[in-house]
Amino acid sequence: MREWKTVIGLEVHAEMETESKMFSSCPVVDSVEAAPNSAADHLSLGMPGTLPVINMRAMEYGIMAGLALNCEIPPINQFARKNYFYPDLPKGYQISQYDRPLAVNGYVNIDSGGGGTKKIRVRRAHMEEDTGKLSHVLGGSLVDYNRAGVPLLEIVSEPDMSSAEEAASYARKLRSILRYLGVNSGDMSKGVLRFEANVSVMHESDTELRERTEIKNLNSIRNMARAIEYEVRRQIKLYRSGETVKPATLGWDEAGQRITVQRYKERADEYRYFPEPDLPIVEVSREWVEALRAKLPALPDELQRKYEEDYGLSVDDAAVLTAERAVARYFEAVVECGAEAKSAANWLTTELFRLMNSNEIEREDIGGIPIDASSFAGLLALAREGVINQSTARKQVLPVMWETGREARAIVDERGLAQVSDAGLIGDTVDQVLSANGDMVERYLAGNEKVINAIFGRIMGALRGKGDPAIVREILLKRLESLKE
Ligand code: ADP
Ligand code: MG
């Protein structure tokens, strides 16, 4: 596969989390919970004689997303009709934007592995309305118009991604940014964020891009990555056997883990776009743009830089902590409670995430876990002050905090978990363990240095895990040294 390079461009559809639809006051409802067609007014149903009105909140969300994606916001944007027939589109056209989109020429920084970042250019982002949703059942098809007319932002990248991992990384970053802005929940299982991958491969001797295919119906980032990998292999195989790749719309069959061809297209779809006559041109004043820019929260890249520079965190830790706004907030709250940033980052990304994973709690729900930021900082303080050692903190206190929601201090006091740093007591214990394990001592004296760890383990066991490891090690080494003489 060496001589073949992968080329990927993504088209992302993000529903804007507004109260009402893009062009009417009809409410936007949850796609899973609401009864089908319970939120479908005359406009959603495409009744003749209805007139659309632009939802300005949706436009603001779109502009904010454009700004967060480092786009330029042109002073004018305009809606256009995209004409095609499909049962989920009762008007026979979708109101979209064509040659005057809301946002252009942006970029997103993605993590390209090994601590590096790569810029993925965003060609454009435009506003449109979502279509209804078809489900195919035995004996026919059903259509739900609740989704018809929901504000949708389509974000189109340049073909800048060169692997399935980069595409997944870009998708995660976009999702993260939209969630930070609060304009989209990122809940892919509900279809509020949808990805289409355009894929082609290039031979190393090529000077131009080759024909691409477009994979639709990707309902998770993981499936998208798998579908891209499959498609890349399929295209390389075709070229190797002397065939060509025909432009096509493909689907991902999740159950079969394979690509299915939905339709071949010989040339670009002809949608007969024309300016939407029922809507005015939208003028976007610079004052409006700046007012919206001022409303943007600190975004993941900015926080990541801050965590690296101010807190000295590694690129990886900073990236993990900033991917979800709720995690960043939790981390900052722990630090504000006095915890040392590096150790807070370390404990959070290892111990706390492990507990969350085993309890199947998503990172974004960290705000609701049984251990709040100040309790977590309390545990770290006990460990730092040496009241308990690291392993007691990890194995004996943290799990109980999770189970009971109690403070670390109370658990340590009640269970007598405080660290033993009394050199006299530790010395006696070391002596007892050494005399009870003469065989180990002999092996040590015969040159086996590794046996020290086993002896150390016995001593810690005798101290019920509570010994101050540094003191235990120091006394143990001294005693062993003196035995050599
Ligand atoms: P259209 O307007 O027909 O949908 P575009 O040229 O606007 O086509 O591209 C749509 C998407 O496909 C963009 O995300 C773009 O980056 C991507 N793309 C275009 N050409 C290729 C290619 N040869 N390989 C992979 N992706 C491509
Ligand atoms: Mg397209």
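Start at 1 and go down the list; that is how both ligands and their atoms are numbered.
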Notebook entry, point to check: When you look for heavy atoms under 4.0 Å from ligand 1, do you find them on the side chain of L10, its backbone, both, or neither?
Noted result: backbone
Notebook entry, point to check: When you look for heavy atoms under 4.0 Å from ligand 1, do you find them on the side chain of L209, its backbone, both, or neither?
Noted result: side chain
Item checked: Atoms of ligand 1 close to R123 [distance to a heavy atom under 4.0 angstrom, numbered from 1] -> 5 (P), 6 (O), 7 (O), 9 (O), 15 (C), 16 (O)
Next item on the list: Salt-bridge test for E158 and K119: reply yes if a basic N is under 4.0 Å from a carboxylate O, no otherwise.
Entry: no
Next item on the list: Using heavy-atom distances, let me know which of P159, S200, G9 sits nearest atom 24 (N) of ligand 1.
Entry: S200
Next item on the list: Can you sort out which atoms of ligand 1 are near S157, meaning under 4.0 Å from one of its heavy atoms?
Entry: 13 (C), 14 (O), 15 (C), 16 (O)
Margin query: Looking at E340 and R384, is any side-chain nitrogen of the basic one under 4.0 Å from a carboxylate oxygen of the acidic one?
Written below: no
Next item on the list: Please name the residue in the list R100, E283, H126, Q97 that meets the side-chain hydrogen bond (donor to acceptor under 3.5 Å, both in side chains) test with N77.
Entry: Q97
Check: Which is it for E158 and ligand 1 at heavy atoms under 4.0 Å: side chain, backbone, both or neither?
Finding: backbone
Item checked: cation_pi(R258, Y230) dist<6.0 Å, angle<=45 -> no
Check: Heavy atom of E214 under 4.0 Å from ligand 1?
Finding: no
Check: Do Y98 and Y271 have ring centres separated by under 6.0 Å?
Finding: no
Check: Does at least one non-hydrogen atom of R210 fall below 4.0 angstrom from an atom of ligand 1?
Finding: yes
Next item on the list: May I ask you to identify, for V156, whether its side chain, its backbone, both or neither come under 4.0 Å of ligand 1 on a heavy-atom basis?
Entry: side chain
Note to self: Can a donor-acceptor pair be found, under 3.5 Å and without considering hydrogens, that links the side chain of N146 to the backbone of A35?
What the structure shows: yes
Notebook entry, point to check: Taking only residues two or more places apart in sequence or in another chain, which ones pass ring-ring contact (aromatic ring centres under 6.0 Å, His included) with F23?
Noted result: F79
